[in-house]
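Okay, structure first, notes after.
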Amino acid sequence: MTVSETALMVELDGVAKKFPNGRSVLDPLTLEIRKGEFVTLIGPSGCGKSTLLKLISGLTPPSQGTIRVDGLTPNNAREIISFVFQDATLLPWRTVFQNVCLGLELEGAARARQQKRADELLRLVGLERVSGAYPRELSGGMKMRVSIARALSTNPRLLLMDEPFGALDEMTRDRLNEEILRLRGEQSWTAVFVTHSVIEAVFLSTRIVVLAPNPGRIHATFAVDLPIQRTAELRTTTEFDRIVAKVSRALREAIAQ
Amino acid sequence: MKKRFTAIANALIVFAALLALWQLVIWIFQVAPFLLPSPLAVVKATVGKFPMLLHALSITAIEAGGGLLASILVGIGTALLFAQSRWVRRMLYPYTLLLQTVPIIAISPLILMWVGAGATAVTLIAFIISLAPIIANVTQGLISADENLVDLFLMHNASAKQILFKLRLPNSVPSMFVGIRIASGLAVIGAITGELYAGSARVGEGGLGYSIFYASSQLQTDYLFALVAATTVLGFGFVFVVMFLEWYFLHKWHESARGPDSV
């Protein structure tokens, strides 16, 4: 394996997906994601962005083409992948703490290790005080934090996020965006993120892939050359606005097609 | 708390008024005691035959409870089987419907023929009549787990066993209790109906259903009333126990958990 190959976290080579009825969800698509990148997939409904995440995670097989995650097939790479869903998808009968333990528990880790890790992560996302609470007692933003803590508990190298903040109010979303960047700074995972929000995409990403719908395909790709260290103030800079405008324009074109 | 107290007080006042009206009707129209005994006569019969009444109540309670317990165990077991595949469900589910639609009165004579009169036959009848709602509700709960949660488990390489016991089974608990609540009422009805047919191996001794049959044939209408009241108490008792358990297991995490407190 050459150096350039090992530097890739995700390789999609001519990957296409059809529904069982033969309708195409994704046209053949090639995309490479390097380690350490934060790539956001953005596009209107029907552009296959969630399907793309499911393909990378191995939850659904491609109709054609090959997918590699860290050089492995997605199914063999599951140990290094974590998925954050649109809803927090917590187990309602478990406490926050027990929910964060779930990943390591399923992977058969020793109880002491599960608990130590859950403690660390709850502290990391600032929820150590509600660790004994049940999900229904939490706000939407807090639930999402638990979901993120759970995803990070297994030390993933690749984090797949499917519109994780779509259902939250804007203030909570902004705060969680900043938190995601902080966590990424402290750990070092590669992220593939799906969203409808251009502002969120620009704020988080190192690269943005705009998808066009029916069937899904890549319309345009933008490198976001903003500093790696980003704070809330970034959203008010002209540079930020310029990229937002550029991506928004591409998104409008993609929808119009 | 005060509101609840007032509600109970109101119910008691209405009850007392109905009893008074009942007693009044008997005094004014001089109704024959074997047609309609006075409330006082019913109380007298209850007190006078209390050990007998309690004995009958305990027999029926054990039969209904045994039948319910068996249907909970068998029902959950069957539902776990049903949850394995759509194919299994398609093959076997029609038989559950059959279980639900067959009139218990129609099969009681058969059961009587097979296992003989007595508590075993009655327990079996209570079991059969209360099984279907548990199978149906637990199966529903098992197969209705959030698809994303199933995906999450798969992402962590969860085994089929882990998905079943850490996800599907706990997910089914709320609907399991819906099934058990329906089944508990049916088990009591089943036990009492069963006793009418297969109530006792010995004349003069048996559960509430058998005693109702016996008391009516002897025109002991006052005791008959006491027995009817006892069946109501039994039914309430079952529902109350199930509701308490439901509250105990669900109140911490489930929205729909309604405890004895919220009634």
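Per chain, numbering begins at 1; letters A, B, ... match sequence-line order.
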> Does the side chain of A/Thr89 pick up a donor-acceptor pair with the side chain of A/Arg150 at under 3.5 Å?
Replying inline: yes
> Between B/Gln140 and B/Ser175, does a side chain to side chain donor-acceptor pair (under 3.5 Å) hold up when you go through it step by step?
Replying inline: CA-CA 7 Å; B/Gln140 193 54 43; B/Ser175 52; over 6 Å; no
> A/Phe85 versus B/Glu147: any side-chain heavy-atom pair under 4.5 Å?
Replying inline: no
> Checking B/Asp151 against chain A: side chain, backbone, both or neither under 4.5 Å from a heavy atom?
Replying inline: both
> Non-hydrogen atoms of chain A under 4.5 Å away: do they reach the side chain of B/Phe153, the backbone, both or neither?
Replying inline: both
Name the region of [X], side chain, backbone, both or neither, that has any atom closer than 4.5 Å to a heavy atom of chain B.
X	answer
A/Gln86	neither
A/Ile81	both
A/Leu102	side chain
A/Thr95	neither

> Highest number of heavy-atom pairs under 4.5 Å with chain A: which of B/Ser159, B/Pro170, B/Ala145?
Replying inline: B/Pro170
>> I need the single residue from A/Arg117, A/Arg111, A/Arg94, A/Arg113 that forms a salt bridge (charged side-chain N to carboxylate O under 4.0 Å, His left out) with A/Glu105. Which is it?
In response: A/Arg94
>> So, applying side chain to side chain contact (heavy atoms under 4.5 Å, CB included) with B/Ile72, which one of B/Ile180, B/Leu131, B/Val138 is it?
In response: B/Ile180
>> Apply side chain to side chain contact (heavy atoms under 4.5 Å, CB included) to residues A/Leu52 and A/Leu29 and explain how you reach the verdict.
In response: CA-CA 10 Å; A/Leu52 210 47; A/Leu29 170 155; 4.2 Å; yes
>> If we define contacts as heavy-atom pairs under 4.5 Å, which of A/Asp162, A/Leu106, A/Leu104, A/Asp87 has the most with chain B?
In response: A/Leu106
